[in-house]
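Inspection log for the structure reproduced underneath, given as structure tokens.
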Amino acid sequence: MLRFLLGNELRSIDLSKTSYPPWFTVLRYLREIECITGTKEGCALGDCGACTVVIGEISGEGIVYRAVNACLMLLPMIHGKQLICIEHLREGQELHLVQQAMVDHYGSQCGFCTPGMVMSLFALYKQDELANIGEVSRNLAGNLCRCTGYQPILEAAISLSHTCCEDQFNRREQDTLTHLKEIYEETPDFAMRIPGRTYLRYRSFTDVLKARVAIPDAKLICGGTDLSLDITKAWKELPALIDIGAATLLNEIERMPEGLRVGAGIRLDRLEMETREYLPALHQVIRTFGSRQIRNLASLGGNINSASPVSDLMPVLIAYGAEFTLSGSGGERTMPCEEFVTGYRKTCMGSDEILRSVFIPEPGADTYVWSEKLSKRLDVDISSVSAGFRASTDSEGRITDIILAYGGMAATVKRAVNAESYLIGKRSGEEIGSGVVDMLSMDFTPIDDARASASGRMLMAAELLRMFILSIS
Amino acid sequence: MSEKDDLYMAPHESAINHVTGDAAFIDDIPLPPGTLHGIAFLSPAASGHIRGFRLEEALAVPGVRAIVSALDIPGHNQVGPVVHDEVLLAEGKLEYHGQAVFLLAADNLDSAHRALKLIDIDIEEEKPILSIEDAEAASSLLQAPRLIQSGDIDKALADSDLIISGSLYTGAQEHWYLETQAAIAIPGEDQTMKILSSTQHPAETQAIVAEILGRKRSDISVEVKRLGGAFGGKETQANHTAAWAALLAAHTRRPVKFRLSREDDQRSTGKRHPYRIDYRAGFLRDGKLNAYDVVLNSNAGHATDLSMAIMERAVFHATNAYYCPNTRIIGKAWRTNLVSHTAFRGFGGPQAMAAIEMVMDKASRGLGIDGAQIRSLNFYEMEGKRLTPYGQAPGLNPLPEMWEELLASSEYKKRRKEIRKFNQKETFRKRGIAISPVMFGISFTTTFLNQGAAQVNIYRDGSVLLSHGGIEMGQGLHSKMLRIASEALGITESSIRIAPTRTDVIPNTSATAASSGSDLNGMAILDAIAKLKQRISPLVRQVLEIPNNEEDGELIFADGYIGDGTESRISFADAVNLCYMNRVSLSANGFYATPGIFYDKERGKGSPFHYYAYGAAVSEIEMDLHTGRVSILRTDILHDSGKSVNRAIDKGQVIGGFVQGLGWICMEECLWDSHGRPLHHSPDTYKIPTFRDIPTELRVRFTDMANTGNLKGSKAIGEPPFMLAFSVWLAIMDAMEAASPGSSLEIGIPATPEKILLSLHKS
């Protein structure tokens with residue numbers, strides 16, 4: 001039985017008896033089944049944010065509110081959570097403070113993006129994240145508006161930064177917690193095994209692993225920000241899904257003296273916080289990874305497993321020298337991250353295995369890790385070229401060890417091995433000559449596509465390298 | 001002091017419905033039982049012929065009710081709004097990638113998509129014509145070129161001290177309204193059909209549906225509540241979706257809903273026209289523009305659509321705000337195998353104006369005159385520098401004064417010095433600053449379109465239902481119309497409801513386009529209200545015993561009362577009820593036709609515009625030379641909206657238009673591969689600005705000069721601010737000049753980080 005709170009109302013749904021399958025999106029559920037249509041479909045691809053809803057989840061003693069794309073989230077993912085959408089903010093005829101601020105500051109024109117915009121603002125308001133205007137802009141980047149030019153919406157956000165976070169959701173918090181805890185205790189898992197409609201979401205990693213071994217054709221899903229496009233864009237069916245998002249063991253972060261061990265299910269918004277001081281080059285990449293809604297859903301393991309040639313995370317993970325640990329029926333194995341991806345969107349993960357954790361060693365004092373991503377737009381854009389670089393220097397500033405990992409330059413994330421060997425022994429902090437550019441053209445033959453031309457990519461690759469060498473000090 | 005104190009700044013009339021999710025769009029309307037969901041099969045080839053197809057497998061999918069092709073169209077297979085050269089469904093010949101070939105209706109979208117994948121089509125592909133250069137080689141001109149000329153261009157070029165020449169490419173732009181194209185067609189009795197559509201032009205949607213179905217226009221009614229953004233993209237492009245729904249509804253005799261997926265919308269609907277502008281300009285040593293010889297080439301796509309009207313506006317705006325005594329302005333629209341490009345905010349103006357701004361910049365560098373100065377040197381004046389190339393006298397020009405004011409308030413000169421210092425100090429970051437003007441002609445350039453109509457119904461309780469021919473697409477038209485009606489009737493806005501726009505209430509409307517929505521419909525509303533007041537007043541005089549002396553003037557309608565301004569008054573509700581009891585009609589139509597405009601296309605002369613709207617912007621940017629990334633540090637805008645009907649809404653249009661303009665300038669890039677397949681068909685590859693792309697500091701101010709002869713002294717506001725974004729583009733080139741002094745680096749539109757980088761490394 002799927003159980004969650006829709007606003008304040010408890011919903012129990014037997015998904016084996018519904019007209020819709022378990023891979024139904026939260027957006028379609030709201031609009032077609034609940035017939036509440038305030039939440040809009042602007043793209044069904046997670047790019048525009050018109051479908052933004054807020055998920056309330058137990059966190060410690062309270063509830064944490066996170067904005068997500070309802071178009072990408074599958075209905076069973078909200079098991080044991082509170083789903084809040086635009087219809088739930090108003091109390092009687094009284095607007096929520098966030099709604100009132102949008103009215104007062106002329107934050108809507110056509111009104112189509114507005115419900116999603118309000119929900120993103122609501123999540124920031126609830127999490128008290130409205131103080132820094134630059135961060136507000138970054139966190140709202142996943143809500144596109146074609147009418148207002150954004151300034152009025154930012155003004156609405158600023159006006160809320162000094163208000164108290166008291167609202168109907170605080171007042172009902174104990175009730176909500178009680179309901180959610182009840183679901184947690186009575187039905188911790190959501191598991192449905194019906195041919196063509198299998199969806200398994202377990203808290204126990206052992207159960208997840210068992211399911212993986214038992215149903216090798218089942219697709220693994222965590223945040224769904226990549227896989228859900230199969231549904232919304234390609235209109236495919238996903239007859240068997242193993243949802244690893246609830247598995248406790250995959251959601252642990254352990255800080256160790258030699259580095260950070262991150263469970264593969266860790267959401268990127270959490271990883272962003274955890275890496276701020278510890279692993280700044282990784283932190284930097286996550287800051288512009290997708291949108292806040294995407295980061296609230298997407299997991300580290302999901303991004304790695306997509307094995308995309310334009311992966312944002314892979315280059316910097318290679319630069320850090322990260323290691324992946326896989327669990328399978330035959331036990332565990334650990335490998336350097338570079339060995340994981342074997343081709344265009346292919347990995348060496350067996351059909352009975354699951355990526356369990358990523359270990360990211362903390363670089364030594366003489367080692368500098370750097371990352372950058374170039375794209376048409378700063379936020380919510382797939383990179384044209386991305387870079388994760390690392391260099392160690394000796395006491396005279398000569399490069400003794402270097403890794404140059406690039407995304408967007410080949411069919412997989414790839415190291416510029418010729419450029420690397422060319423740079424060994426060269427002095428850092430200096431303008432590099434054309435020699436290294438020649439090396440890069442030996443390393444890569446990039447392609448033309450919508451995101452950049454081949455010549456543009458070569459130039460970007462060289463400029464990224466120049467920036468890196470200059471920044472080593 | 002808050003601006004709100006002395007200006008009318010009511011929020012959007014639907015603001016509360018917007019923020020609560022109550023505002024309903026087509027996709028939110030509860031459907032009649034039995035409604036089918038439609039989907040289109042789009043051509044996978046840009047050019048070719050259909051050799052054969054198989055629909056059996058698709059038709060066998062449970063839930064699929066019908067698949068139709070061009071053969072099933074009972075009327076004419078035509079959607080061309082001006083020239084009949086555009087089919088609704090391909091008839092064997094494929095003209096662009098994304099052209100509709102079949103329409104499919106099913107009980108739900110899941111079945112529809114399952115079936116769509118099973119449609120089998122065999123195509124003989126041909127080499128497509130994609131670029132303007134391809135079209136030139138194939139002599140694929142859409143119509144005879146448009147031409148405007150003045151003075152003696154050849155002599156003037158020969159006499160000029162500095163000749164500037166080159167070609168500027170500007171890219172296509174996807175509208176990216178948040179609400180994709182949508183329509184619901186509901187068959188009725190006899191031959192009637194009701195269409196709920198997300199269209200900017202219901203009268204044309206009605207006409208095209210009637211033509212497709214082979215029915216009379218009176219059989220078809222189109223209703224529009226609101227659009228989730230349009231920007232020109234629903235002026236003609238909404239017709240296809242509505243006609244698809246209507247065709248399937250007629251075929252199945254069931255209601256049919258179409259709501260395009262984002263990708264189908266991006267693949268099948270037209271964009272802003274890409275242009276290549278070949279220019280040659282002559283300047284005198286003192287900075288005066290003496291000659292402008294320009295050919296504006298547009299890539300029109302596969303059909304005429306509005307391309308010629310867009311080209312005409314481009315030709316009119318070729319010299320932007322600048323007087324030029326000797327001109328030859330030629331406009332050529334080229335037919336290609338791309339989607340048929342269409343109206344988009346600015347309507348050809350931005351492309352043409354970009355070229356003259358590029359020319360001004362190059363002349364500024366060539367003559368060593370600051371960009372701000374060389375521009376102001378060439379503004380129109382009351383005497384001498386008086387006439388546009390097409391012979392209209394703009395009259396009193398506020399730009400010189402606005403220019404000085406903006407230069408001062410933005411501290412342009414001081415900041416230019418600071419930027420110079422910054423650029424000397426910094427190696428890998430460069431800043432640039434620029435000022436640019438906008439002078440935009442207001443009126444449809446096709447004169448007969450400049451008409452508006454309204455209907456005002458007063459009910460016995462004093463409530464009012466206001467209908468007019470304009471479409472609310474987010475621009476705040478209804479909010480402005482509410483204020484106009486409320487002030488004229490002297491009743492609160494809350495006692496007036498604006499009805500959805502309907503062709504069976506207001507017939508034969510023009511599109512809500514050309515920034516003209518308020519001007520045309522506002523005046524029509526005032527006309528209708530004047531008629532009603534004429535009918536109400538005699539009865540009021542009778543009961544209040546107010547004599548009808550000419551010197552006392554009209555009765556005063558204010559604060560919900562009607563009277564002579566003394567204590568002798570009657571409430572509006574009582575007065576209208578009295579009218580009813582005395583059998584006086586409380587419903588009136590209003591009409592407006594813009595006076596005094598004309599244009600002779602043959603001669604290229606006339607006064608096509610009712611007036612001009614002006615604006616200017618200063619932008620400062622910082623460019624990272626390693627990445628080509630640009631951040632806009634500050635933009636100052638001074639815009640001329642006359643006496644605003646609603647200043648808050650006008651400000652929203654200015655900022656929204658500017659940011660849309662900077663999307664076109666900085667990041668929005670439409671690309672087609674060598675087969676004519678769009679690479680920008682999804683928001684993951686096509687990027688519109690988001691929060692962190694707007695200027696860090698954005699200051700907007702307005703002039704407050706009444707525009708005589710227009711609605712309450714106001715000016716149109718929809719399109720002109722788009723072109724304020726030129727300041728960003730020019731500032732980018734200013735920074736590029738700092739990065740590579742003397743190399744006169746140029747960059748087309750869009751100036752993406754990649755293009756900037758490639759350009760910087762050309763030198």
Side-chain angles (χ1 to χ4, degrees), chain A residues 37-45 47-48 50 86-87 89-90 95 99 102-104 106 108-115 118 137-138 140-141 144-152 154 233 235 372 374 376-382 384 449-453 455-456 459-460 463-464 466-467, chain B residues 11-12 14-25 27-28 110 113-114 176-179 226-229 231 261-263 473-476 626-627 629 648 651-652 655-656 658-660 667 669 671 679-680 682-685 687-694 698 752-754 757-758 761:
Chain A
T37 56
T39 309
K40 308 299 179 201
E41 180 187 312
C43 69
L45 300 164
D47 276 285
C48 78
I86 190 73
E87 284 83 358
L89 294 201
R90 180 164 50 174
L95 298 183
Q99 294 173 311
M102 281 287 279
V103 173
D104 293 345
Y106 312 99
S108 72
Q109 283 185 24
C110 83
F112 200 89
C113 76
T114 315
V118 168
S137 291
R138 186 173 69 88
L140 289 176
L144 298 180
C145 169
R146 194 53 151 168
C147 295
T148 64
Y150 302 108
Q151 171 134 314
L154 279 177
K233 190 172 172 163
W235 290 81
E372 184 60 89
L374 301 183
K376 254 175 226 170
R377 188 173 71 191
L378 184 58
D379 289 304
V380 207
D381 198 357
I382 293 168
S384 311
D449 68 12
R451 296 187 182 99
S453 63
S455 54
L459 187 51
M460 290 179 205
E463 285 303 306
L464 286 166
R466 286 206 173 89
M467 285 170 85
Chain B
H12 194 284
S14 286
I16 289 174
N17 291 343
H18 291 157
V19 301
T20 54
D22 287 350
F25 298 86
D27 201 24
D28 306 330
D110 303 83
H113 279 279
R114 204 170 303 137
W176 235 90
Y177 28 70
L178 263 283
E179 177 207 30
R226 62 165 63 80
L227 314 188
F231 318 110
S261 71
R262 178 58 66 181
E263 291 206 1
M473 51 187 124
Q475 85 280 43
H626 285 302
T627 61
R629 207 177 272 155
K651 192 174 175 187
I655 297 175
F658 170 79
V659 170
Q660 210 169 63
M667 66 184 72
E669 192 171 28
L671 294 166
L679 302 175
H680 53 259
S682 153
D684 75 348
T685 48
K687 296 295 170 184
I688 66 168
T690 182
F691 278 85
R692 285 211 287 176
D693 302 309
I694 70 170
L698 179 54
T752 60
E754 180 193 12
L757 212 49
L758 286 166
H761 285 265

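Separation of atoms NE2 (His18(B)) and CD1 (Ile16(B)) is listed at 11.0 Å; rounding is to 0.5 Å. Atoms OG and CD1, from Ser137(A) and Ile694(B) in turn, are 6.5 Å apart once rounded to the nearest 0.5 Å. Interatomic distance, Arg692(B) CZ to Leu140(A) CG, rounded to the nearest 0.5 Å: 11.0 Å.
Between the side chain of Tyr150(A) and the backbone N or O of Asp693(B) there is no donor-acceptor pair closer than 3.5 Å.
Heavy atoms of Val118(A) lying under 4.5 Å from chain B belong exclusively to its side chain. Both the backbone and the side chain of Val19(B) come within contact range of chain A, judged by heavy atoms closer than 4.5 Å. If you measure heavy-atom distances from Pro753(B) to chain A, the contacts under 4.5 Å come from the side chain alone. For Asp22(B), the part lying near chain A is the side chain, with the backbone staying farther off; criterion is any non-hydrogen pair under 4.5 Å. Contacts of Ile688(B) with chain A are made by both backbone and side-chain atoms, with heavy-atom separations under 4.5 Å. In this structure, the portions of Lys376(A) lying under 4.5 Å from any heavy atom of chain B include both its backbone and its side chain. The part of His113(B) that comes within reach of chain A is its side chain, from C-beta onward, which places non-hydrogen atoms under 4.5 angstrom from that chain. Proximity to chain B is limited to the side chain of Leu95(A), based on heavy atoms less than 4.5 angstrom apart. Contact annotation for Ser108(A): both backbone and side-chain heavy atoms come within less than 4.5 Å of a heavy atom of chain B. Looking at Leu378(A), the atoms closer than 4.5 Å to chain B (heavy atoms on both sides) sit in the backbone and in the side chain alike. Within the 4.5 angstrom heavy-atom criterion, only side-chain atoms of Thr752(B), from C-beta onward, approach chain A. Residue Thr39(A): no heavy atom, backbone or side chain, is found under 4.5 Å from chain B. Contacts of Leu698(B) with chain A are made by both backbone and side-chain atoms, with heavy-atom separations under 4.5 Å. Contact annotation for Glu179(B): both backbone and side-chain heavy atoms come within less than 4.5 Å of a heavy atom of chain A. The contact between Asp684(B) and chain A is made by backbone and side chain atoms together, counting heavy-atom distances below 4.5 Å.
Ranked by heavy-atom pairs under 4.5 Å with chain A, the list Leu679(B), Ile655(B), Asp28(B), Leu671(B) is led by Asp28(B). Interface check for chain A: of the options Asn17(B), Leu757(B), Leu227(B), the most heavy-atom pairs under 4.5 Å are formed by Leu757(B). For chain A, the option among Leu178(B), Thr690(B), Val659(B) with the highest count of heavy-atom pairs below 4.5 Å is Thr690(B). Put simply, of Gln99(A), Met467(A), Arg377(A), Lys40(A), the one with the most heavy-atom pairs under 4.5 Å next to chain B is Arg377(A). By number of non-hydrogen pairs under 4.5 angstrom with chain B, the leading residue of Gly38(A), Gly149(A), Cys110(A), Ala44(A) is Cys110(A). Comparing Met102(A), Met460(A), Glu372(A), Arg138(A) by heavy-atom pairs within less than 4.5 Å of chain B, the highest count is held by Arg138(A). Heavy-atom pairs under 4.5 Å with chain B were tallied for Asp381(A), Asp449(A), Leu374(A); the largest tally goes to Asp381(A). Most heavy-atom pairs under 4.5 Å with chain A: of the set Ser261(B), Gly652(B), Gly229(B), this distinction falls to Gly652(B). Each of Arg114(B), Met473(B), Gln660(B), Gln475(B) has some count of heavy-atom pairs under 4.5 Å with chain A, and the biggest count is that of Gln660(B).
Annotation for Thr148(A) and Gln109(A): closest pair CA-NE2, 3.6 Å, computed over non-hydrogen atoms. The heavy-atom pair separating Gly42(A) from Phe112(A) by the smallest distance is CA-CE2, 4.1 Å. Residues Phe231(B) and Cys147(A) approach most closely at CZ-SG, 3.7 Å, considering heavy atoms.
Between Trp176(B) and Cys48(A), some side-chain heavy-atom pair lies under the 4.5 Å cut-off. Within the 4.5 Å cutoff, side-chain heavy atoms of Leu459(A) are placed close to those of Leu758(B).
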Might you work through the side chain to side chain contact (heavy atoms under 4.5 Å, CB included) test for Leu154(A) and Phe691(B), ending with a clear yes or no? CA-CA 8 Å; Leu154(A) 279 177; Phe691(B) 278 85; 3.8 Å; yes
Which is it for Arg451(A) and Thr685(B) under the side chain to side chain contact (heavy atoms under 4.5 Å, CB included) test, yes or no, and what are the steps along the way? CA-CA 7 Å; Arg451(A) 296 187 182 99; Thr685(B) 48; 3.6 Å; yes
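Annotation: cation-pi pair Arg226(B)/Phe25(B) present, NZ/CZ under 6.0 Å from the ring centroid and within 45° of its normal.
Residues Glu754(B) and Ser453(A) have side chains that bring a donor and an acceptor to within less than 3.5 angstrom of each other.
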